[in-house]
Amino acid sequence: MKMPGLFFVWFLCICVCLPSAVLGNGNGYVLDKPVTELCLNCLCEALSECNATAICINPKIGTCGIFRITNDYWVDAGKLTINGEHPDTEHAFINCANDPHCAADTIQNYMHQFNQDCNGDGEMDCHDYARIHMLGGFSCEGELPYFYQSKFEECIENYQEQGFE
Ligand SMILES: *[C@@H]1O[C@H](CO)[C@@H](O)[C@H](O)[C@H]1NC(C)=O
């Protein structure tokens with residue numbers, strides 16, 4: 001019996017069939033979810049007042065949806081799509097960014113990748129995610145837009161007063 005050949009087929013299947021069966025084909029997948037629901041709420045409060053009306057603020061740059069996600073951000077986060085759309089189709093980005101669930105998963109993937117202590121307080125938490133979301137994974141120590149920062153802080157403080165972490 002040709003064991004090496006059989007082993008190869010088995011090996012190929014573990015590497016190719018299994019992941020595509022478990023994870024689905026071509027839609028990207030969510031790695032894990034470092035960002036809490038509460039944090040997502042404060043991000044969208046600060047960005048759009050969580051107004052889920054499908055919208056792209058600047059169609060040319062393409063800052064779309066409840067979290068004002070850009071095309072580059074979506075690409076870095078693994079090009080998640082909705083309704084089994086192929087990620088290379090024309091509207092794949094806009095459709096995902098304008099879908100609150102797909103947009104939230106995009107944030108999860110982005111933070112999974114760029115998770116870091118931007119404000120140097122020894123923790124990686126929502127304050128860092130707010131910075132990474134706005135300033136990107138490579139310059140999150142920078143200055144935040146005043147309006148965004150104050151809306152965000154207000155939302156976090158509100159939750160803390162209500163006894164949430
Ligand atoms: C949500 O955004 C849309 C589009 O900008 C706007 O027309 C609508 O009034 C907003 N809804 C609320 C509740 O602010």
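Values below: every heavy atom of this structure, side chains too, minus hydrogens, waters and symmetry copies.
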J.: Roughly how far, to the nearest 0.5 Å, is CG of Leu80 from NE2 of His101?
T.: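 Result: 9.0 Å between the selected atoms.
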J.: Could I get the full list of side chain to side chain donor-acceptor pair (under 3.5 Å) partners for Asp125, not counting sequence neighbours?
T.: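 Residues passing side chain to side chain donor-acceptor pair (under 3.5 Å) with Asp125: none at all.
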J.: Using the disulfide bond (SG atoms under 2.5 Å apart) rule, take Cys42 and Cys126 through it: C-alpha gap first, then chi angles, then the decisive distance, then the call.
T.: CA-CA 9 Å; Cys42 284; Cys126 195; 6.0 Å; no
J.: Might you point out which heavy atoms bring Met134 and Pro145 nearest each other, and give the distance in Å?
T.: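 For Met134 versus Pro145, the nearest heavy atoms are CG-CD, 3.8 Å.
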J.: With the 4.5 Å side-chain cut-off for hydrophobic clustering, are Tyr146 and Tyr148 part of the same group?
T.: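 No, no single cluster joins them.
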J.: Assess whether side-chain hydrogen bond (donor to acceptor under 3.5 Å, both in side chains) is satisfied between Gln116 and Asp128, documenting all intermediate values.
T.: CA-CA 7 Å; Gln116 62 193 292; Asp128 302 301; over 6 Å; no
J.: From Glu49 CD over to Cys155 SG, what is the distance, rounded to the nearest 0.5 angstrom?
T.: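 So the CD of Glu49 and the SG of Cys155 are separated by 11.0 Å.
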J.: I'd like to know whether CD of Gln162 has more than 12 heavy-atom contacts from other residues, nucleotides or ligands below 6.0 angstrom.
T.: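 Result for CD/Gln162: enclosed.
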J.: Going by heavy atoms in the side chains, are Tyr129 and Asn115 under 4.5 Å from each other?
T.: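 In contact.
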J.: So Phe114 and Tyr110, would you call those rings parallel, tilted or perpendicular, with 30° and 60° as cut-offs?
T.: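 The arrangement is tilted - the two ring planes meet at 30° to 60°.
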J.: Atom CD1 in Ile57, atom OG1 in Thr63: separation rounded to 0.5 Å?
T.: 7.5 Å
J.: Side-chain contact test, heavy atoms from C-beta onward, threshold under 4.5 Å: evaluate it for His112 versus Lys33 and give yes or no.
T.: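 The answer is no, as the side chains (C-beta and beyond) never meet within the 4.5 Å cut-off.
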J.: Grab the two heavy atoms, one from Ile66 and one from Ala103, that are nearest each other, plus how far apart they are.
T.: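 Ile66 and Ala103 have their closest heavy atoms at CG2-CB, 4.5 Å.
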J.: At what distance, to the nearest 0.5 angstrom, does CG of Asn119 lie from CG of Leu144?
T.: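 It is 10.0 Å, given to the nearest 0.5 Å.
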J.: Would Glu141 and Arg131 pass as an ion pair if we require N to O under 4.0 Å?
T.: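 Salt bridge flag = no for Arg131 with Glu141.
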J.: Looking at side-chain heavy atoms only, is the closest gap between Lys79 and Phe93 below 4.5 Å?
T.: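 Answer no - side chains too far apart.
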J.: If we ignore angles and hydrogens, is there a donor and acceptor under 3.5 Å between the side chains of Asp72 and Thr70?
T.: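 Absent: no donor and acceptor within the cut-off.
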J.: Should Cys64 and Ile69 be marked as a side-chain contact (heavy atoms from CB on, under 4.5 Å) after you check the CA-CA gap, both sets of side-chain angles, and the distance that decides it?
T.: CA-CA 5 Å; Cys64 302; Ile69 287 173; 5.8 Å; no
J.: Do the non-hydrogen side-chain atoms of Thr81 and Asn95 ever get within less than 4.5 Å of each other?
T.: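 Of all side-chain heavy-atom pairs linking Asn95 with Thr81, none is under 4.5 Å.
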J.: For the side chain of Glu123 and the backbone of Asp117, is there at least one donor-acceptor N/O pair under 3.5 Å apart?
T.: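 No: the side chain of Glu123 does not pair with the backbone of Asp117.
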J.: Hey, what do you get for CG (Leu38) to CD1 (Ile156), rounding to the nearest 0.5 Å?
T.: 6.0 Å
J.: Check whether any side-chain heavy atom of Met124 sits under 4.5 Å from a side-chain heavy atom of Met111, and report yes or no.
T.: no
J.: Less than 4.5 Å apart, side chain to side chain, heavy atoms only: is that true for Leu47 and His133?
T.: yes
J.: Is it the case that one hydrophobic cluster holds both Leu43 and Phe147, taking links as side-chain heavy atoms less than 4.5 Å apart, direct or via other members?
T.: no
J.: Can you tell me how far the CD1 atom of Ile94 sits from the CG atom of Asp99, to the nearest 0.5 Å?
T.: 13.5 Å
J.: For Asp121, what residues pass the salt bridge (charged side-chain N to carboxylate O under 4.0 Å, His left out) criterion, not counting sequence neighbours?
T.: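 Partners of Asp121 by the salt bridge (charged side-chain N to carboxylate O under 4.0 Å, His left out) criterion come out as none, since no residue qualifies.
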J.: If only side-chain N and O atoms count, and only distance matters, is there a donor-acceptor pair under 3.5 Å linking Gln113 with Asp76?
T.: no
J.: Using side-chain heavy atoms (C-beta onward) and a distance below 4.5 Å, is Leu40 in contact with Phe67?
T.: yes
J.: Just by distance, do the side chain of Asn109 and the backbone of Ala77 share a donor-acceptor pair under 3.5 Å?
T.: yes
J.: Is there a side-chain contact between Ile132 and Cys118, using heavy atoms and a 4.5 Å cut-off?
T.: yes
J.: Check for a donor-acceptor pair, side chain of Glu45 on one end and backbone N or O of Lys151 on the other, with a separation under 3.5 Å.
T.: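 Between the backbone of Lys151 and the side chain of Glu45 there is no qualifying donor-acceptor contact (under 3.5 Å).
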